[in-house]
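Side-chain atoms are counted along with the backbone in the values below, which use heavy atoms only and exclude waters and symmetry mates.
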Amino acid sequence: MNKEASEYVARVVFKATAELALLVPLIRDHASSDEEYEALRKSLTAIARMANDDLLENIFLQYPEIKEVFDNSIRQFKRLP
């Protein structure tokens, strides 16, 4: 992937995993049992981990400057540029 597409994908992955994290409290509050909550929470965690490990890791290996921009923005502003 070219750099522009890679940066776009990285931003979408960050946003998607943030949205998934917002589901955890909703699932906790509305799950029919503790077991259901734990199963769904684990599924969300696995999805987020896969996106981060597979997609972001490959992008950041190919374009370390994207990772640097993201890291600096998160450190300084607590959000992506």
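In terms of hydrophobic clustering, with Ile, Leu, Val, Met, Phe, Trp and Tyr side chains grouped at heavy-atom distances under 4.5 Å, Phe70 and Leu55 are assigned to a common cluster. The hydrophobic clustering, which links ILVMFWY residues whose side-chain heavy atoms are closer than 4.5 Å, places Ile47 and Tyr37 together. In terms of hydrophobic clustering, with Ile, Leu, Val, Met, Phe, Trp and Tyr side chains grouped at heavy-atom distances under 4.5 Å, Ile74 and Leu56 are assigned to a common cluster.
Side-chain atoms of Tyr63 come within 3.5 Å of backbone atoms of Lys3 as a donor-acceptor pair (strictly under, hydrogens ignored).
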key: Check against side-chain contact (heavy atoms from CB on, under 4.5 Å), Met1 and Val9   = CA-CA 10 Å; Met1 241 185 324; Val9 169; 3.8 Å; yes

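Ser73 and Leu80 make their closest contact through OG-C, 3.3 Å (heavy atoms, listed as atom of the first residue, atom of the second, distance). The nearest pair of heavy atoms linking Ser6 to Ile66 is CB-CD1, 4.2 Å.
Using bins of under 30°, 30° to 60° and over 60° for the plane-to-plane angle, the ring pair Phe14/Phe60 lands in the tilted bin.
Distance CD1/Ile59 to CD/Gln62: 8.5 Å, rounded to 0.5 Å. Atoms CG and CG, on Asp53 and Asn58 in that order, are 10.0 Å from each other to the nearest 0.5 Å. Atom CD of Glu36 is separated from atom CD1 of Ile27 by 8.5 Å, given to the nearest 0.5 angstrom.
Counting only heavy atoms from C-beta outward, the side chains of Thr45 and Arg49 approach each other to under 4.5 Å. For the pair Leu23 and Leu40, the minimum side-chain heavy-atom distance is 4.5 Å or more.
Within a 6.0 Å sphere centred on CD of Glu38, heavy atoms belonging to other residues, nucleotides or ligands number more than 12.
For the residue pair Asn72/Arg75, the side-chain donor-acceptor check at 3.5 Å is satisfied.
Taking a cutoff of 4.0 Å between a charged side-chain nitrogen and a carboxylate oxygen, Glu7 and Arg11 qualify as a salt bridge.
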